[in-house]
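In what follows, chains carry the letters A, B, and so on, assigned in the order in which the sequence lines appear, proteins first and then strands, with residues in each chain numbered from 1.
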Protein chains: 2
Amino acid sequence: MSNPKIKNMEEFAAVSGISRPTISKYFNDPESVRASTREKIEAALKNHNYRPNIYAVNQNRRHTKNIGLVVPNLTDPFFASIARTIEGLIVKAGFNPLLLSSHGGPRQEISNLDSLRSIKPAAVLLAPLGRASLADEVAAFAREVPTVLFDANLEGIGEAFFGSDNDHSINLIVEYLCRSGEPPMFFELKTPINPNAVKRRNAYVAAMERLNHKPHLIQVDGQGWNFEEIGFSEGERRVIGRSLPTNTILCSNDRLAIGLLSAAYENGVHVGLGSGASLRIAGHDDHPFSRFTCPGLTTASQDYNAIATRSVDTILSLIESAERMDVREETLFEGRLVMRGSA
Amino acid sequence: MSNPKIKNMEEFAAVSGISRPTISKYFNDPESVRASTREKIEAALKNHNYRPNIYAVNQNRRHTKNIGLVVPNLTDPFFASIARTIEGLIVKAGFNPLLLSSHGGPRQEISNLDSLRSIKPAAVLLAPLGRASLADEVAAFAREVPTVLFDANLEGIGEAFFGSDNDHSINLIVEYLCRSGEPPMFFELKTPINPNAVKRRNAYVAAMERLNHKPHLIQVDGQGWNFEEIGFSEGERRVIGRSLPTNTILCSNDRLAIGLLSAAYENGVHVGLGSGASLRIAGHDDHPFSRFTCPGLTTASQDYNAIATRSVDTILSLIESAERMDVREETLFEGRLVMRGSA
DNA sequence: GTTAATATTTTGCGCGCGTAAATATTTACA
DNA sequence: TGTAAATATTTACGCGCGCAAAATATTAAC
């Protein structure tokens, strides 16, 4: 396990009694060499534990085994957990995931893509920032490197997009709220970064009209990713203690709802379904923490398993076929209603 | 900006009228070439936007510009946010951070180190899993690659360790709790993975004894990282509605406290300081979400700015000096008491 | 036992760049 | 203005490996 010290494939070839290119073949696919040589190689591997220099490998390989994974914000447990499952799928497929977060904003997103470019990835999975994204530069990247978008769509960019069917899930939750109490108002950022937020707003309006209710939007100021903070402070200003046309608030996402719940609690406003409650709050996403809010947050889950799996599958087949897609695929997965105590 | 297409340094040298090795020097340090040549290069760079092949660069460079960053669990917003600030510092220093999470457990931690090994990083910043870590293998790695530990200590491994002074912060919070109400019990996992947890337990016991109170430990079952879940379910079993010797619970970390708070709420137990409250709950860490619990969580913050900064600084000086430390440094930073509504 | 077909291994070359040593140029200073 | 010191550039070589084509070994077929 620690004889002299093998420093390259040449030397390893020598000690294993096989020619260097055959060793190379073995490392690229152990099945591609005869069983008898494979055994010799693996025996030698036991005594010397040599590993090919990854830089030399990637310099010469036609395509690297790297897959880039870019998410808008790793600090958000939601994306952290998606990233984790995608990473797992990539590793299982024998590729090497490179995880980057665009938390710094649109310029960082591009800078992430630039880093990936220099790493010459086989393909890239990108959850873009959304409306803030520098679409032209992202598009230019996607022309160079096979790219699949997920979570947030950028029209026409990349080989495919996989996301959530906001129409469906918002419809589910609006219907539920109307059926079980007063029709909801919609609490959101005035200028959301995420295209899903816009879709949800429109879906809310449409659902309300379909049910013959007048839609009400509460559009609050706020920038960046500190949704809880915004939900809290703007909730205090615009919701708590105000006389609103309804006692039910549907938030554009769970993190806003978490802030709003906190503001309600702090101001002594009782949230929930029961008789003692004066406010109902619902969210969207089924954020990892929404189980533990007080009360638990009623929300709509996204089918992230499906999104992750399909995204990785298409990226892999894209790599394998070495071709681009003839038509850009766009698939939305349906979420489910998650009922908890808050509405 | 898009003339012919430069594919290597040779060609770029040609179009810029400078010799290739000089170009190489420029990319390693733009200041190292004469101002006049620098201008020529940068002019050419504008028209051709060429970038050196990172694999070829790293294959030949004596040391890469990569710094590995391994954290136990990126899904925890706490580590996600530390990782983010550390990444920022690394980038600012002109290095390239490689972020990996050991969420999968001790074997994944080692596998992360193995991946890093093959990338030949200049150095590695490691927040180990803790007691679960395969110490021998981590130590072997740290002998090969300059490694600095943070957050959780593994005795004698790596060049230095930077963490929190649990004695200090637990003392702060125990004193506060005793002074403002009944002395606390300590709520924790029976078999914690994290050495900080053990230190906190001991610090709690010591602090209580110093104040002439009898320490009480509530040690619950539970494995893995789903602390909120454990805090919730075990809290329901062991705390809520039980007749305990005190009405104050100090949790080993905020995530347990978040679960416990949720359980209290769900069972109609009023948490806080006021007269209507029957339970006080405090945590430790100042987790990003602890502001938004109901009520807000009283806790002890860690000085993660200091930990991040010092860790990165030492790793950088370690790289620069190209030497190991003669004595292993171990520095603990003091946290602060963060008072909110829960205790 | 021979030959053709096939699977495997080897030969030979080049990838894109870092870097030491040799050479040329610039700068500083008398 | 001349010279030495400092700085910049060039020459020349090697890093560790992938890959195509050629050579060889193995298997199958008759």
Separation of Q59(B) atom CD from dG16(C) atom P, in whole Å? 12 Å
Phosphate contact (dC17(D) OP1 or OP2) by Y50(A) side-chain N/O below 4.0 Å: yes
Would you call E329(A) and R310(A) a salt bridge, using N to O less than 4.0 angstrom? yes
Let me know the distance between CD1 of I18(A) and P of dA25(D), rounded to the nearest Å. 14 Å
Take atom CZ of F12(B) and atom P of dC15(C), then tell me their distance rounded to the nearest Å. 20 Å
Would a line drawn from the ring center of Y304(B) to the ring center of F333(B) be shorter than 6.0 Å? no
Please state how far atom CZ in R34(B) lies from atom P in dT7(D), giving the value in whole angstrom units. 11 Å
Round to the nearest Å and state the distance from I23(B) atom CD1 to dG18(C) atom P. 11 Å
Would you kindly give the CE-to-P distance between M9(A) and dC15(D), to the nearest whole Å? 15 Å
Would E159(A) and R328(A) pass as an ion pair if we require N to O under 4.0 Å? no
Quickly work out the Y55(B) OH to dC17(C) C1' distance and round it to whole Å. 15 Å
For N60(B) and dC17(C), is the shortest distance between a side-chain N/O and OP1 or OP2 below 4.0 Å? no
Given dT10(C), is OP1 or OP2 found less than 4.0 Å from the side-chain N or O atoms of T22(A)? yes
Is any side-chain N or O of S24(B) closer than 4.0 Å to OP1 or OP2 of dG18(C)? yes
To the nearest Å, give me how far apart CG (N53(B)) and C1' (dC17(D)) are. 13 Å
I want to verify a distance call: between dG18(C), dT10(C), dC13(C), whose nearest atom is closest to the S19(A) side chain? dT10(C)
Any K40(A) side-chain heavy atom under 4.5 Å of R38(A) side chain: no
Within the structure, does a side-chain N or O atom of Y26(B) lie under 4.0 Å from either OP1 or OP2 of dG18(C)? no
On DNA chain D, does the nearest nucleotide to A56(B) precede the nearest nucleotide to K25(B) from the 5' side, or the other way round? Give the residue. K25(B)
Which residue lies more 5' along DNA chain C, comparing A35(A) with P21(A) via nearest heavy atoms: A35(A)
Selection from dG16(C), dC17(C), dA8(D) that lies nearest to any side-chain heavy atom of T37(B): dA8(D)
Give a yes-or-no answer on whether the side chains of E109(B) and S133(B) include a donor-acceptor pair shorter than 3.5 Å. yes
Does the base of dG16(C) carry an N or O that pairs as donor and acceptor with the side chain of R20(B) under 3.5 Å? no
